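Since the structure comes first, as structure tokens, the remarks are kept for the end.
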Amino acid sequence: MELSLKERALAAMPGGVNSPVRAFRSVRRDPLFAKRAHGPYIETEDGEVLIDYCLSFGPLIFGHAPDVVVEAIARATRLGTSFAVTTRAEIEMAELIKSAFPSIERVRLVSSGTEACMTAVRVARGFTGRTRILKFSGCYHGHADCLLVKAGSGVAGVAAASSAGVPEPCAANTLVARYNYREDVSTLVQEYGHDLAAIIVEPVAANVGLIAPEPGFLEFLRAQADACGALLVFDEVISGFRFCFGGWQTLCGVRPDLTCLGKIIGGGLPVGALGGRAEIMERLAPIGDVYQAGTLSGNPISIAAGLAVLRELKRRPPYAELEARTRCLVEAISSAARAAGVVVQIPTLGSIFSLFFCDQPPRHFAEVLDTDKDAYIRMFHRLLEHRVYLPPSPFEVSFLSTAHDDAVFEQTARAFAAAFA
Ligand SMILES: *Cc1c(COP(=O)(O)O)cnc(C)c1O
């Protein structure tokens with residue numbers, strides 16, 4: 001008998017996947033197998049065409065396979081797929097990033113957001129000569145050892161490893177605070193500030209559902225970092241080019257020392273970037289003593305895709321319209337919920353929203369854990385029956401793209417109405 005894709009996947013790859021959320025364990029369902037995708041739609045191996053609000057977890061601001069990106073990739077491929085010497089396109093990418101982020105004077109291109117964050121920590125440690133870093137529970141910065149941690153025994157303090165294989169002494173150099181809790185930060189800075197290399201934060205938390213920074217929170221982090229001599233690192237892997245041509249820092253005015261980028265700047269191909277002040281970035285090899293390298297760093301195909309997206313975003317900024325359209329959709333979802341008597345919070349920023357089944361929008365991770373995650377899972381299943389694909393976890397945010405048009409919205413609103421009922 002012929003084996004199913006699921007059986008073959010499970011026999012060939014751990015959990016049948018190359019990244020855990022794809023296994024759909026958090027929504028307790030068999031995973032999807034994608035065949036192809038176009039615009040707002042993803043088609044599965046079973047031939048189902050779904051409206052996609054997961055969108056590869058963020059990179060696809062123009063939807064799937066937009067012509068500008070597909071053509072840029074085709075053109076670049078014909079010229080060679082990897083050179084391991086510097087290209088004009090890499091320089092242009094770095095210049096474009098610099099032009100969009102006033103805090104960035106130098107850029108290093110890498111191949112993933114994980115690599116960008118890992119490098120940020122190393123260069124911060126090299127630059128400051130200090131060991132500890134401070135992160136926030138619920139913020140995700142990729143899977144480097146020192147960042148794969150959770151709160152230890154207290155609500156704020158020395159971290160514990162959140163994965164087997166992360167040595168405790170490595171986790172113990174990371175401090176964990178609650179997002180939006182200034183008291184946690186000032187307590188930790190008071191005790192450990194002399195050895196703190198960096199405070200790393202998602203300026204908009206988007207890996208535990210969507211949590212906006214409260215007014216003054218990021219300014220406070222800037223002041224705390226300055227007071228103890230630590231660097232402030234903004235992980236803008238999701239927020240970079242999502243809300244404006246630049247990052248959340250462009251909108252809020254707080255200038256970090258280092259910025260991590262990924263997702264949108266790769267146009268759906270593997271890319272990451274670390275940027276920051278020249279004085280810090282030039283501690284990287286070959287000028288400085290902090291080592292970092294990559295055979296495929298600045299890969300010409302990835303950079304061609306990313307450049308095509310960034311140039312298009314600059315030429316015709318879609319942000320105001322995307323935001324207005326997202327607000328419309330969220331209003332439709334909210335009114336469907338009200339009509340059905342379902343209590344749901346839908347925090348929304350720009351073209352990102354998330355669904356929390358609870359009375360008040362969560363301010364930090366522990367409050368997210370208190371929401372009704374089973375309600376999200378039920379919603380996920382109902383919507384899938386109506387050909388609407390939300391992210392396969394209550395902790396991931398939903399994304400809109402410029403390809404989500406009125407017809408897509410109408411179908412989505414009807415699906416939500418049916419699902420809530
Ligand atoms: C996705 C993400 C990362 C990791 O990027 P990868 O390309 O998956 O390694 C890091 N930080 C944030 C905020 C992310 O959302």
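Both counts, for ligands and for their atoms, begin at 1 and track the order of listing. What you see is a predicted model; the values in this text were computed from it and never measured.
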Of Thr259, Asp226, Val254, Ile200, the residue whose pairing with Leu232 passes side-chain contact (heavy atoms from CB on, under 4.5 Å): Val254
Heavy-atom contacts under 4.0 Å between Glu202 and ligand 1: side chain, backbone, both, or neither?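 Only the side chain of Glu202 comes within reach of ligand 1.
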Residue portion contacting ligand 1 (non-hydrogen atoms closer than 4.0 Å) for Thr114: both
Could you walk me through whether Asp52 and Arg387 pass the salt bridge (Lys or Arg N to Asp or Glu O under 4.0 Å) check? CA-CA 9 Å; Asp52 188 359; Arg387 309 272 192 277; over 6 Å; no
Using 30° and 60° as the class limits, which term best fits the ring planes of Phe380 and Tyr376: parallel, tilted or perpendicular? parallel
On the 0 to 90° scale, with breaks at 30° and 60°, tag the Tyr389-Phe24 ring pair as parallel, tilted or perpendicular.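 Rings of Tyr389 and Phe24: parallel, under 30°.
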Atoms of ligand 1 close to [X] [distance to a heavy atom under 4.0 angstrom, numbered from 1]:
X	value
Ser112	7 (O), 9 (O)
Asn207	12 (C), 13 (C), 14 (C), 15 (O)
His141	10 (C), 11 (N)
Gly113	4 (C), 5 (O), 6 (P), 7 (O), 9 (O)

Under 4.0 angstrom from atom 8 (O) of ligand 1, is there any protein heavy atom?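 So atom 8 (O) of ligand 1 lacks protein heavy-atom neighbours under 4.0 Å.
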Minimum distance, heavy atoms only, to atom 14 (C) of ligand 1: which one of Glu115, Glu396, Lys263 is it?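 Minimum heavy-atom distance to atom 14 (C) of ligand 1 goes to Lys263.
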Salt-bridge present (Asp195, Arg130; N to O < 4.0 Å): no
Does the side chain of Asp235 pick up a donor-acceptor pair with the side chain of His141 at under 3.5 Å? yes
Phe220 ring centre to Arg182 NZ or CZ under 6.0 Å, with the angle to the axis within 45°?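 Yes, Arg182 and Phe220 form such a contact.
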Quick one: does Asp235 get an N or O within less than 3.5 Å of an N or O on ligand 1?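 Between Asp235 and ligand 1, an N or O pair is found under 3.5 Å apart.
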Report yes if some N/O of Ile238 lies less than 3.5 Å from some N/O of ligand 1; otherwise report no.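 No, no N or O pair falls under 3.5 Å.
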